[in-house]
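This report refers to the structure that appears directly beneath it.
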Amino acid sequence: MCQKAIYPGSFDPVTYGHIDIILRAKKIFDTVIVAVAHNSQKKPLFSLKERIEMLKEATSGMDGVIISDFDGLVVDYARKNNIGVIVRGIRMLSDFEYEFQMALTNRKLSQDVETIFLMPSEQYSYFSSRLIKETAELGAELSSFVPEAVQRGLKNKLKIK
């Protein structure tokens, strides 16, 4: 196995698709740092603290998974923390173009940090946090999409009974 990798994202909220990518990354890396982006450009439903707490609960018991947060460029966080690989999940072809552009930009910013793409299981390939939030607002049953802590969080945030 290789050293450590970072899996950055907004995780608003964390889904079973994210967890699948974390588990896949753990097969390759000793340590996977799941880093929640502050990202002031997005308007997250959950606060940074809430997203971190949901991720900690969803990954409890996973050895070598560390939940953290970062502000700014992920390559800067990676260099500061001696992380050589960024993990990105690709669900559909539509994700690839954006992720490819980001990977090339990150490579230009830091030649020491590589990006790898992992695909989730097909059962999670259509999940997105945005879609989960929209589905939750319409009162759908969420247990096959997100962990229990996220279900509770969505119900509280969206005032769903």
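No experiment lies behind these values; they were computed from the predicted model shown.
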*asked:* Once rounded to the nearest 0.5 Å, what's the spacing between atom CZ of F100 and atom OG1 of T105?
replied: 10.0 Å
*Are E141 and S143 close enough that a side-chain donor and a side-chain acceptor fall under 3.5 Å?*
yes
*Verify the cluster assignment for V113 and I83: are they in a single hydrophobic cluster under the rule of side-chain heavy atoms below 4.5 Å apart?*
yes
*Check: T15 side chain, F145 main-chain N or O, donor-acceptor pair, under 3.5 Å*: no
*Could you pull out the closest heavy-atom pair between L142 and A136, with the gap in Å?*
CD1-CB, 3.7 Å
*Please answer: with hydrophobic residues joined when any side-chain heavy atoms are less than 4.5 Å apart, are L23 and V14 in the same cluster?*
yes
*Determine whether V150 and L48 fall in the same hydrophobic cluster, where Ile, Leu, Val, Met, Phe, Trp and Tyr are linked whenever their side-chain heavy atoms lie under 4.5 Å apart.*
yes
*Between F96 and F117, is the gap from one ring center to the other below 6.0 Å?*
yes
*Nearest 0.5 Å please: distance from the CG atom of L45 over to the CG atom of L158.*
5.5 Å
*So, does K133 use its side chain to make a donor-acceptor pair with the main chain of S128 at under 3.5 Å?*
no
*asked:* For the aromatic rings, using the six-membered ring if either is Trp, is the centroid distance between H38 and F70 under 6.0 Å?
replied: no
*Kindly give the heavy-atom pair with the smallest separation between S10 and V36, and that separation in Å.*
O-CG1, 3.8 Å
_Can you give me the closest heavy-atom contact between D30 and K26, atom names plus distance?_
O-NZ, 2.6 Å
*How long is the gap from OG on S68 to CD1 on I6, to the nearest 0.5 Å?*
7.0 Å
_Side-chain donor/acceptor of R51 to backbone N/O of A37, under 3.5 Å_ = yes
*ILVMFWY network linking M54 to I22, side-chain heavy atoms under 4.5 angstrom*: yes
*Quick one: CE on M102 to OG1 on T115, what's the gap to the nearest 0.5 Å?*
8.5 Å
*asked:* Within the supplied structure, the quantity of interest is the number of heavy atoms (other residues, nucleotides, ligands) at a distance under 6.0 Å from M62 CE; does it exceed 12?
replied: yes
*Any pair counted as salt bridge (Lys or Arg N to Asp or Glu O under 4.0 Å), so long as it reaches residues 97-126, sequence neighbours left out*: R88-E99
*Give a yes or no answer on whether the side chain of K49 reaches the backbone of E53 with a donor-acceptor pair at less than 3.5 Å.*
no
*Tell me, do N81 and I33 make a side-chain contact under 4.5 Å, heavy atoms counted?*
no
*asked:* Please report the interatomic distance OG(S110) to CZ(R79), rounded to the nearest 0.5 Å.
replied: 4.0 Å
_So which atom in I21 and which in P120 form the shortest heavy-atom distance, rounded to 0.1 Å?_
CD1-N, 3.7 Å
*Can F29 and I116 be said to form a side chain to side chain contact (heavy atoms under 4.5 Å, CB included), step by step?*
CA-CA 12 Å; F29 300 98; I116 66 166; 3.6 Å; yes
*With sequence neighbours left out, write down each residue that passes side-chain hydrogen bond (donor to acceptor under 3.5 Å, both in side chains) with R24, or none if nothing qualifies.*
D20, S121
*asked:* So which atom in I19 and which in A58 form the shortest heavy-atom distance, rounded to 0.1 Å?
replied: CD1-CB, 3.7 Å
*Thinking salt bridges, do E134 and R130 make one under a 4.0 Å N-O criterion?*
yes
*V74 and D76: side chain to side chain contact (heavy atoms under 4.5 Å, CB included), yes or no, with the steps?*
CA-CA 5 Å; V74 70; D76 289 343; over 6 Å; no
*Starting from the C-alpha separation in whole Å, work towards a yes-or-no answer on side chain to side chain contact (heavy atoms under 4.5 Å, CB included) for V146 and I132.*
CA-CA 8 Å; V146 295; I132 300 298; 3.7 Å; yes
*hydrophobic_cluster_shared for V34 and L118, side chain cutoff 4.5 Å*: yes
*Measure the spacing between CG of D69 and OH of Y77 and express it to the nearest 0.5 Å.*
7.5 Å
_Angle between ring planes, Y124 versus Y16, binned at 30° and 60°: parallel, tilted or perpendicular?_
tilted
*For residues P13 and S129, report the shortest heavy-atom separation together with the two atoms involved.*
O-OG, 2.7 Å
*Between D12 (side chain) and F46 (backbone), is there a donor-acceptor pair under 3.5 Å?*
yes
_Would V75 and I86 count as a side chain to side chain contact (heavy atoms under 4.5 Å, CB included) here? Give the steps._
CA-CA 8 Å; V75 291; I86 298 170; 4.0 Å; yes
_Has S47 got a side-chain atom pairing as donor or acceptor with E50's backbone, closer than 3.5 angstrom?_
yes
